[in-house]
Amino acid sequence: MSDSAYSLFVQQQTDRGIDVEQVKARLKELKVETPSWGYGDSGTRFKVFKQVGVPRNPFEKLDDAAQVHRLTGICPSVALHIPWDKVDDYDQLQQHAASLNLTLGAINPNLFQDDDYIFGSLCNSNPAIRRRAVEHMLECIEIARTVNSSIISLWLADGTNYPGQDSIRGRKHRLLETLTEVYQALDPNMRLLIEYKFFEPAFYHTDLGDWGMAYNMALKLGDQAQVLVDTGHHAQGTNVEQIVAYLLDEQKLGGFHFNNRKYADDDLIVGSVNPYELFLIFYQILDAHADANKGIQQTAENIAYMIDQSHCIEPKIPAMIRSVLNVHTQYAKALLINLDEVKAAQEKQDVLGAENAVREAFEFDVTPLLHVVREEMGVPINPMRAYLESGYADSIKPRGKGGASW
Ligand code: RM4
Ligand code: MN
Ligand code: MN
């Protein structure tokens with residue numbers, strides 16, 4: 001990247017009233033957690049295509065995640081899914097992470113792959129099965145304690161397939177009861193992030209079907225419970241940015257699962273289908289960050305950015321790098337929005353002026369900026385190329401085929 005491209009960029013942004021040094025600082029501070037399961041084999045309900053070199057255990061998943069962090073500099077933590085990442089000794093797993101310059105992040109309970117859960121887990125009408133589900137959540141809290149993680153990230157697959165199959169209200173009551181027990185077991189530094197999704201695996205109703213249901217549950221539980229927005233978990237056309245803004249304003253937005261969708265819960269590479277949506281999400285976050293209300297500001301600051309991605313056909317490590325780079329790029333663009341200019345246009349009810357002030361930032365090429373940021377962070381200016389040239393993909397081939405999969 002030529003110095004002149006960067007100088008031109010700085011000049012341009014300074015003229016627009018943007019403090020580039022501040023933008024750089026924000027870009028260096030961003031942290032995006034990658035999911036352990038994104039490194040394993042995954043697929044659709046039709047087929048899991050096995051790839052060569054896929055990690056055979058959680059330790060190797062961390063080895064791969066470490067590559068992503070080494071090259072991008074912004075992915076220092078890895079989310080675990082239990083029991084997919086169950087090990088005998090979590091201290092050992094944490095030490096392995098530390099040796100790779102990583103920490104262990106959100107603990108994701110799995111309440112959907114046990115035969116007992118055919119009619120649900122925390123909402124099941126059978127108290128013995130509800131008990132089992134609560135015990136699993138408590139086990140996850142214990143694991144979080146051991147590995148020094150402060151986030152329990154719950155996605156609940158519960159629901160029904162047919163009208164009348166179970167009492168929707170009854171299930172709602174059971175959920176509040178079971179989650180209350182879970183909530184009470186949290187340490188004071190822990191957060192329970194509640195994720196919603198409108199369908200699948202249940203097809204008639206889902207017990208946490210949308211953000212309002214997750215919000216209501218989080219509100220009833222208390223301050224340590226917040227909503228997690230998985231960007232792929234909305235019906236076609238949903239305005240995800242509005243949900244983000246609303247939850248921020250209520251100080252109930254806890255985190256994200258970034259991915260992209262075209263049709264369903266596709267778990268595609270972040271920003272691959274709709275980068276503008278990602279940009280607009282960051283716009284709402286930055287707007288909340290600049291709010292005079294301290295609580296809203298802090299909520300925006302404490303958002304846990306996580307990727308939830310599954311790779312059916314693409315090589316996993318570069319796909320994850322691509323997602324991380326796309327997040328960084330859209331965040332960089334959003335940081336170029338002149339919020340004062342937007343506000344001034346809003347005050348004049350200048351529709352086109354306001355829209356322009358937002359979109360204009362999206363249209364800048366932030367490549368020179370990101371190159372300088374990476375240079376200063378001591379990571380390769382082109383992490384993808386660096387990965388492809390590193391020989392790492394060859395080095396993991398001896399792992400063979402048939403590694404970890406869900
Ligand atoms: C779900 C949801 C969860 C993730 C699982 C694998 O659809 O997005 O967050 O843990 O998939
Ligand atoms: Mn998710
Ligand atoms: Mn999902």
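Keep in mind the model is a prediction, meaning the values are calculated, not measured. All ligand and atom numbering here is 1-based and tracks the order in the structure.
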Peer 1: I'd like to check the side-chain contact (heavy atoms from CB on, under 4.5 Å) partners of Thr329; sequence neighbours left out, ordered by chain and number.
Peer 2: Lys333, Val366, Leu370
Peer 1: Keeping the roles fixed (side chain from Gln226, backbone from Gln224), state whether a donor-acceptor pair exists under 3.5 Å.
Peer 2: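 Checking the backbone N and O of Gln224 against the side chain of Gln226, no donor-acceptor pair under 3.5 Å is found.
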Peer 1: Are Glu200 and Arg45 close enough for a salt bridge, meaning some N to O gap below 4.0 Å?
Peer 2: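 A salt bridge is absent here (no side-chain N lies under 4.0 Å from a carboxylate O).
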Peer 1: Charged N to carboxylate O under 4.0 angstrom, Asp166 versus Arg174?
Peer 2: yes
Peer 1: If we only look closer than 2.8 Å, how many protein N, O or S atoms does the Mn ion (ligand 2) have near it?
Peer 2: 4
Peer 1: Quick one: do Arg399 and Asp64 make a salt bridge, cutoff under 4.0 Å?
Peer 2: yes
Peer 1: Out of Tyr196, Tyr263, Phe199, which residue meets the ring pair (Phe, Tyr, Trp, His ring centres under 6.0 Å) rule with His234?
Peer 2: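 Answer to the ring pair (Phe, Tyr, Trp, His ring centres under 6.0 Å) test with His234 among Tyr196, Tyr263, Phe199: Tyr196.
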Peer 1: Which N/O atoms of ligand 1 sit under 3.5 Å from a protein N/O, and at what distances?
Peer 2:
{"unit_1": "ligand 1", "atom_1": "7 (O)", "unit_2": "Lys197", "atom_2": "NZ", "d": "3.2"}
{"unit_1": "ligand 1", "atom_1": "7 (O)", "unit_2": "Asp265", "atom_2": "OD2", "d": "2.9"}
{"unit_1": "ligand 1", "atom_1": "8 (O)", "unit_2": "Glu195", "atom_2": "OE2", "d": "3.0"}
{"unit_1": "ligand 1", "atom_1": "8 (O)", "unit_2": "Asp230", "atom_2": "OD2", "d": "3.1"}
{"unit_1": "ligand 1", "atom_1": "8 (O)", "unit_2": "His233", "atom_2": "NE2", "d": "3.0"}
{"unit_1": "ligand 1", "atom_1": "8 (O)", "unit_2": "Asp308", "atom_2": "OD2", "d": "2.8"}
{"unit_1": "ligand 1", "atom_1": "9 (O)", "unit_2": "Glu195", "atom_2": "OE1", "d": "2.8"}
{"unit_1": "ligand 1", "atom_1": "9 (O)", "unit_2": "Glu195", "atom_2": "OE2", "d": "2.9"}
{"unit_1": "ligand 1", "atom_1": "9 (O)", "unit_2": "His257", "atom_2": "ND1", "d": "3.2"}
{"unit_1": "ligand 1", "atom_1": "9 (O)", "unit_2": "Asp308", "atom_2": "OD2", "d": "3.1"}
{"unit_1": "ligand 1", "atom_1": "10 (O)", "unit_2": "His81", "atom_2": "NE2", "d": "2.8"}

Peer 1: Quick check: do Asp41 and Phe49 have side-chain heavy atoms less than 4.5 Å from each other?
Peer 2: no
Peer 1: Using the side-chain contact (heavy atoms from CB on, under 4.5 Å) criterion, which residues pair with Glu355? Sequence neighbours excluded.
Peer 2: Arg359
Peer 1: Ring centres of Tyr204 and Tyr162 under 6.0 Å apart?
Peer 2: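 No - the distance between ring centres of Tyr204 and Tyr162 does not fall below the 6.0 Å cut-off.
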